Amino acid sequence: MFDPDYRKGDSNSTPFGQDAMLNPAPEQKIPDGPTTPQVAYQMVKDETYAQTQPRLNLATFVTTYMDEYATKLMNEAININYIDETEYPRVAVMCQKCINIVANMWNTPEQNRWKTGALAIGSSEACMLGGIAAWKRWIERRKKAGKPYDKPNFVISAGYQVVWEKFATLWNIEMRQVPLTREHTTLDIDQAIKMCDENTICVVGIEGVTWTGLNDDVEALDAAIDKYNAETGNEVCIHIDAATGGFILPFINPDKKWDFRLKWVLSISTSGHKFGLVYPGLGWVVWKDKQYLPADMSFTVDYLGAEVTQVGLNYSRPAAQILGQYYNFIRLGFEGYRNVQYNSMQIAKYLHAQLSAMPEFVPYSTEVPNPIVTWLMKPEVQNSAKWTLYDLQDKLAQHGWMVPAYAMPIDIQDMVVMRVLCKQGFSRDMCDELLHDITAAVAELNALEYPTPTRIAMEKNIPLATKAFNHTGK
Ligand SMILES: *Cc1c(COP(=O)(O)O)cnc(C)c1O
């Protein structure tokens, strides 16, 4: 029998020779006593060891590569709390400079030296802030008109990211969903307008729909809302959820009007940690003008002649991401960002073309407006194949690739798609490797004699348990 006293491993032993390594890692209770840093490190490290290499995680929108200097800067700022403005005043100023840069990138008309916006932990918080501001502005208007303000709603396509469901549930605001259909792969504007009424706080347009990578046609939405408002006397405005597009469109398609150049776009949010190219968590929200940020949501500090406006759901939060964002702005400049985004777009288009040429697949859309490729099985292949995209997902995972397969939202949920995010760090060579692995996996699956369990389940219409991916955003 094993004698636990056989040898006392102490801190002179290697971590794997120490007694503590014979114990399972704690799950319910804090351990009675301390252990060595080596053992604690090893246990924590090992628990996360077997996971995907972040750069092979093609499911996530979030940055998985930054250069050495950015990483160094961010690591060196790991002990800085953003909220301690008195102690680290330059961080607050740097944050405001990032807001100015982002606001100008989106063609803000605001002439103030310091633009109206806020830092967030990601697009989720940024969307919340944009939504809350629209809600409060609507309440003010209703109060002034002596009308009830207890039944707010907002309109959005069914391709929304889960944050909008949280927004609706947490603040008790009705979410009116415009279905996505095979004809209307993005927001159906006529339907959206039909859902508006005097209680509509805003319509949310999405630039970079999480499920598909497509963009809502915001210019047409703006024109339709302008007409609707003129006819009804309502003041429905637009919030743009540009989690992805906010850092793609300004560089790749600067002539496309989706931002503050449009009349009714009063706020825009984005994820600094997606195509802003910063490690998580960072988001930005900007308002078209100070007047659209309700005064009771903001807290203004004067420092060194700077008027720093603080808005946010969090108090303490890491400052490192702000340093990372500002570093990127200085390091890359407009041209550097454009180069990175252009390459991601080219690789996405290449992947799109290669997959389209495979006999099994068809892309979800012929256009690739963001570095996101979504595809599905051709209907005739799906009818006869002995496998599904879930099987392909599993095969690719064996090679370390994380490529999610998932069912589309309500009304087209029988459509199962697969999606790849082409981010900085996913090189042309890696893309070729992925294509090679897809081709090999498909050949193996095509050679199957019997249908796979997911194929049988699909046949019997058994809903498949969602896999480990949170495809709706992470
Ligand atoms: C990713 C995403 C979000 C949520 O963003 P986080 O930065 O992860 O909080 C919201 N909306 C859209 C369209 C997204 O793609």
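Indexing begins at 1, ligand by ligand and atom by atom, following the structure's order. Quick caveat, the model's predicted, so the values are computed rather than measured.
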Trainee: Counting only heavy atoms closer than 4.0 Å, does ligand 1 sit against the backbone of Lys274, its side chain, both, or neither?
Mentor: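 Just the side chain.
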
Trainee: Considering all heavy atoms of both residues, which atom of Trp164 and which atom of Phe154 are nearest to each other, and what is their separation?
Mentor: O-CZ, 3.6 Å

Trainee: Indicate whether the side chain of Tyr69 and that of Arg331 have a donor and an acceptor atom separated by less than 3.5 Å.
Mentor: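 Distance-only check fails for Tyr69 and Arg331.
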
Trainee: At a 4.0 Å threshold, what atoms of ligand 1 neighbour a non-hydrogen atom of Ala243?
Mentor: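 Those atoms are 2 (C), 11 (N), 12 (C), 13 (C), 14 (C), 15 (O).
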
Trainee: Output the list of atoms in ligand 1 that are nearer than 4.0 Å to some heavy atom of Gln161, sorted by atom number.
Mentor: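 Answer, ordered by atom number: 2 (C), 3 (C), 4 (C), 10 (C), 11 (N), 12 (C), 14 (C).
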
Trainee: Treating His273 as the side-chain partner and Leu282 as the backbone partner, does any N or O pair qualify as donor plus acceptor under 3.5 Å?
Mentor: yes

Trainee: Between the side chains of Tyr160 and Asp241, is a donor N or O closer than 3.5 angstrom to an acceptor N or O?
Mentor: no

Trainee: Under a 4.0 angstrom heavy-atom cut-off, which atoms of ligand 1 come close to His273?
Mentor: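 Contacts of ligand 1 toward His273, numbered from 1: 6 (P), 7 (O), 8 (O).
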
Trainee: At less than 4.0 angstrom from any non-hydrogen atom of Gly122, what atoms of ligand 1 do you find?
Mentor: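 Those of ligand 1 that fall under 4.0 Å from Gly122 are 7 (O), 9 (O).
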
Trainee: Is a donor from one side chain sitting under 3.5 angstrom from an acceptor on the other, for Trp258 and Asn253?
Mentor: no

Trainee: If we ignore angles and hydrogens, is there a donor and acceptor under 3.5 Å between the side chains of Asn100 and Gln96?
Mentor: yes

Trainee: So which bit of Ser271 gets within less than 4.0 Å of ligand 1, heavy atoms only: side chain, backbone, both or neither?
Mentor: side chain

Trainee: Just distances here: any N/O of Thr210 and N/O of ligand 1 closer than 3.5 Å?
Mentor: yes

